**Student:** 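Next up is a structure, given as structure tokens.
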Amino acid sequence: MTTTSISKSLLTSVLSVYFVLTVLVTGVQVVGEYYDTQDLLVEELRNQQATFSNSLGRSLWEYNYPQIDAIAQGLISIPAISGVVIRDDTGAVLANLGRTGPLSILPQEPMESYTLAEREGLFGYFSTLVFEFSGNSTQVGDVTLFSTRDIAIDRIKVTLYFIFGSALVKSTFLILLFSLAFNRMLNRPMLDLTNQIRQFRLEDLPRSKIHLKNQRNREFTMIEQAYNQLLDNLADYQADLTRTQQQFEQVNRQLDDQNAILEQEVARKTSSLSGVLVDLERRKSELEARQEKLEREIRQRQEIERDLRETNTRLQNSLSALERAQTQLIESEKMASLGGLVAGITHDVNTPIGVSITAATFIRDRINQLQQSLKDKNLTQAQLAAFLEESDEGLTLLENNLTRASDLIGSFKQVAVDQTSEAVREINLKKYLQDVIQALQPHFKNSKHAIQLDIDSAITIRCPAGAIAQIFTNLIQNSLIHGFENQSRGEIIIQARRDGDKLHFDYSDNGKGLTQEQLEKIFDPFFTTRRQQGGTGLGTHIVRNLVTQTLNGVIHADAAPGKGLKYTFEMPMQFIDSTK
């Protein structure tokens with residue numbers, strides 16, 4: 001029967017478990033790296049589509065097929081893109097370059113955009129193409145960008161080398177560490193114990209005792225004590241035998257009785273030794289059962305760990321979907337705010353334009369009457385003078401109303417363009433906020449609410465003007481809708497001052513205010529005090545994102561019931577010296 005050392009068997013078992021865990025962990029890391037890289041490639045496809053969507057949409061609108069081919073060639077030349085499919089609004093394929101999947105996987109009904117799951121080594125991003133003309137959006141086609149598994153693997157090749165190299169180094173180090181530990185803690189003490197036991201001499205029991213050096217393991221100490229105790233027992237037996245022999249010499253008559261006693265004593269010792277062997281066998285069985293139970297627990301923990309990883313992956317995917325939905329809701333809220341401005345400014349512009357049309361019609365009628373009098377040769381000086389006087393009044397009225405309409409449209413146009421753009425430009429802060437307030441005038445022109453600006457007219461800054469416009473549009477609308485609810489006369493005060501290289505704002509209203517519980521949630525997404533009246537709860541959340549992320553600033557709110565609401569925020573700003 002082939003025997004194996006305890007240290008070798010134990011080392012093989014431990015390392016086998018470690019190697020299995022290492023292979024599993026390394027596999028999970030490799031799979032995770034691959035899917036992370038695949039997500040990055042999809043995001044890159046989405047960014048490329050966003051870059052070319054405007055020019056490609058215009059080319060489809062103008063039926064500029066050479067330009068469409070050029071754009072497709074440009075896209076296919078990008079390393080992350082393996083294939084491009086461009087279709088018009090009828091579903092006809094205008095360009096199909098590179099490695100692409102079957103057209104049957106593309107949607108037949110109009111859709112916004114979505115990510116194509118991996119299929120036969122291909123994955124991609126589908127998006128519709130929209131062309132905006134005269135304020136109207138028209139779907140002119142769609143584009144699908146494909147990438148491949150080979151591209152993803154090529155990107156993580158260095159990472160894979162690092163993962164496998166790290167696993168190999170750790171495994172080698174662990175083998176050496178375990179080998180040294182087993183050699184020091186098991187092999188050496190066992191060899192020392194074996195050598196001392198081989199030096200056993202029945203005639204010299206005291207020198208036959210074992211003495212293990214520097215031994216801290218309880219098991220070896222127990223063996224040492226048990227072995228030495230056995231030798232002590234043997235010594236006692238030898239002493240008893242010597243005394244018995246002396247008694248035998250002295251009392252020959254009691255020989256038979258002493259022999260019987262001795263046989264009984266040997267039988268008792270033999271029975272005790274058999275009991276010890278049985279007990280050792282029972283303990284061995286218990287140890288094997290415990291080892292088997294431990295192996296089952298290790299397998300169960302491995303299965304639980306794998307389930308936890310899968311659950312974590314699903315939770316991360318759900319979180320990403322929620323973040324994308326939140327971003328879409330925020331963009332929708334911005335466009336809804338801009339839609340409200342359009343509805344209000346349209347009504348205000350219609351009034352001066354209607355007056356201008358009436359004045360122009362009146363002048364046209366007077367010109368026709370003058371022409372008829374001139375044709376009939378009965379034109380008098382009084383008619384001509386009256387015509388000139390009425391024409392002057394009509395033209396004055398026409399000019400004033402067209403100027404008013406032009407001012408309204410100009411203010412709204414710049415504010416609307418800024419709110420839909422992240423362009424950085426130079427603005428005069430006070431004049432720009434006056435334009436924003438003028439664009440919001442339709443929302444409170446029929447009320448007694450008032451807005452005061454306390455801003456130095458010399459402050460000129462270079463910044464993303466759209467962020468400034470969106471911040472104050474949301475704050476003013478919140479005051480008008482929430483703060484001044486059931487309040488006939490409200491007042492808003494906007495103050496701004498320069499503090500070194502930072503711009504400091506104080507925005508306050510005298511509305512109904514907020515409770516402490518509401519104030520703590522004021523910047524949370526989807527928190528609103530008018531949920532039943534259609535409030536979305538994204539206004540102040542957008543304000544905080546614009547101040548902290550777009551403008552790299554900080555914002556703080558303070559309020560109390562019946563004492564209004566105050567916002568204090570500041571951000572680093574590039575000031576323009578107006579004296580230059």
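On a predicted model such as this, the values are computed, not experimentally measured, just so you know.
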**Student:** For the pair Q516 and L519, evaluate side-chain contact (heavy atoms from CB on, under 4.5 Å) and give the outcome as yes or no after the intermediate values.
**Tutor:** CA-CA 5 Å; Q516 184 63 32; L519 183 62; 4.2 Å; yes
**Student:** Got a salt bridge between D142 and R87, using NZ or NE/NH1/NH2 to carboxylate O under 4.0 Å?
**Tutor:**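 So D142 pairs with R87 through a salt bridge.
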**Student:** Side chains of R283 and L287, heavy atoms from C-beta outward: is any pair under 4.5 Å?
**Tutor:**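 Sidechains of L287 and R283: no contact.
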**Student:** So does G83 get a backbone contact from the side chain of T100, meaning a donor-acceptor N/O pair under 3.5 Å?
**Tutor:**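 No: the side chain of T100 does not pair with the backbone of G83.
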**Student:** Could you please spell out the steps behind the side-chain contact (heavy atoms from CB on, under 4.5 Å) verdict for L41 and R155?
**Tutor:** CA-CA 10 Å; L41 284 174; R155 287 200 175 186; 3.4 Å; yes
**Student:** Under the rule for ring pair (Phe, Tyr, Trp, His ring centres under 6.0 Å), what residues qualify as partners of F505, not counting sequence neighbours?
**Tutor:**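 Counting only residues at least two positions away or on another chain, F505 forms a ring pair (Phe, Tyr, Trp, His ring centres under 6.0 Å) with F472, F569.
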**Student:** Would you say the side chain of R309 lies within less than 4.5 Å of the side chain of L24, judging by non-hydrogen atoms?
**Tutor:**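 No, too far: nothing below the 4.5 Å cut-off.
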**Student:** Which heavy atom of A559 sits nearest to which heavy atom of L565, and what is that distance?
**Tutor:**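 Heavy atoms only, the tightest pair is CB-CD1, 3.3 Å.
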**Student:** Do NZ/NE/NH1/NH2 and the carboxylate oxygens of E303 and R299 come within less than 4.0 Å?
**Tutor:**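 No.
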**Student:** Can a donor-acceptor pair be found, under 3.5 Å and without considering hydrogens, that links the side chain of S82 to the backbone of F146?
**Tutor:**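 Side chain of S82 to backbone of F146, a donor-acceptor pair under 3.5 Å: yes, one is there.
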**Student:** Please report the interatomic distance CZ(R149) to CD(E120), rounded to the nearest 0.5 Å.
**Tutor:**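 Atom-to-atom, R149:CZ and E120:CD are 9.5 Å apart.
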**Student:** Do V543 and Y507 come close enough that some side-chain heavy atom pair is under 4.5 Å?
**Tutor:**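 SC-SC contact between V543 and Y507 ruled out.
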**Student:** Between atom CG of L56 and atom CD1 of I86, what is the distance when rounded to the nearest 0.5 Å?
**Tutor:**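 Answer rounded to 0.5 Å: 4.5 Å.
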**Student:** With a 4.0 Å cut-off, would you call E281 and K284 a salt bridge?
**Tutor:**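 Not counted as a salt bridge, because no side-chain N and carboxylate O are separated by less than 4.0 Å.
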**Student:** Is it true that atom CD of E286 has more than 12 heavy atoms of other residues, nucleotides or ligands lying nearer than 6.0 Å?
**Tutor:**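 Yes, the 6.0 Å shell around CD holds more than 12 heavy atoms from other groups.
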**Student:** Would a distance-only check, ignoring hydrogens and angles, find a side-chain to backbone donor-acceptor pair under 3.5 Å from S147 to A80?
**Tutor:**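 Checking the backbone N and O of A80 against the side chain of S147, a donor-acceptor pair under 3.5 Å is found.
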**Student:** Who pairs with D506 by salt bridge (charged side-chain N to carboxylate O under 4.0 Å, His left out), at least two apart in sequence or on another chain?
**Tutor:**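 Partners of D506 by the salt bridge (charged side-chain N to carboxylate O under 4.0 Å, His left out) criterion, ordered by chain and then number, come out as R497.
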**Student:** Compare all side-chain heavy atoms of M571 with those of N552 and state whether any distance is below 4.5 angstrom.
**Tutor:**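 No, side chains not in contact.
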**Student:** What pairs with R296 under salt bridge (charged side-chain N to carboxylate O under 4.0 Å, His left out), at least two apart in sequence or on another chain?
**Tutor:**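 In terms of salt bridge (charged side-chain N to carboxylate O under 4.0 Å, His left out), with neighbours along the sequence ignored, R296 is linked to E292.
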**Student:** As an exercise, state the distance from CG of N545 to OG1 of T550, rounded to the nearest 0.5 Å.
**Tutor:**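 Those atoms lie 7.5 Å apart.
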**Student:** Is F162 atom CZ crowded by more than 12 heavy atoms from other residues, nucleotides or ligands, each under 6.0 Å away?
**Tutor:**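 Result for CZ/F162: open.
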**Student:** Please lay out, stage by stage, how D558 and T568 fare under the test side-chain contact (heavy atoms from CB on, under 4.5 Å).
**Tutor:** CA-CA 8 Å; D558 189 16; T568 302; over 6 Å; no
**Student:** Take atom CZ in R290; do more than 12 heavy atoms of anything else shown fall under 6.0 Å from it?
**Tutor:**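 Counting neighbours around CZ of R290, 12 or fewer heavy atoms of other residues, nucleotides or ligands fall under 6.0 Å, so no.
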**Student:** So which heavy atom on L546 is nearest to which on A467, and how close?
**Tutor:**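 Shortest heavy-atom contact: CD1-O, 3.9 Å.
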**Student:** Is S171 reaching over with its side chain to a backbone N or O of A167, donor-acceptor style, under 3.5 angstrom?
**Tutor:**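 Checking the backbone N and O of A167 against the side chain of S171, a donor-acceptor pair under 3.5 Å is found.
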**Student:** Distance only, no hydrogens: is a donor on one side chain within 3.5 Å (strictly under) of an acceptor on the other, for Q49 and S127?
**Tutor:**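 Q49 vs S127: donor-acceptor pair found between side chains.
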**Student:** Measure the spacing between CD of Q302 and CD1 of I304 and express it to the nearest 0.5 Å.
**Tutor:**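 The distance works out to 10.5 Å.
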**Student:** Has the side chain of S77 got a donor or acceptor atom that lies under 3.5 Å from a matching backbone atom of G74?
**Tutor:**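 The answer is yes, because a donor-acceptor pair under 3.5 Å joins these two groups.
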**Student:** Roughly how far apart are L75 CG and T51 OG1, rounded to 0.5 Å?
**Tutor:**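 These two atoms lie 9.0 Å from each other.
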**Student:** Can you check side-chain contact (heavy atoms from CB on, under 4.5 Å) on Y34 and V30, steps first, answer last?
**Tutor:** CA-CA 6 Å; Y34 172 77; V30 171; 5.6 Å; no
**Student:** Working to the nearest 0.5 Å, report the span between CD1 of I76 and CG of L145.
**Tutor:**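 These two atoms lie 8.5 Å from each other.
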**Student:** Taking C-beta and beyond as the side chain, do D154 and D150 meet within less than 4.5 Å on heavy atoms?
**Tutor:**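 A side-chain contact under 4.5 Å is absent here.
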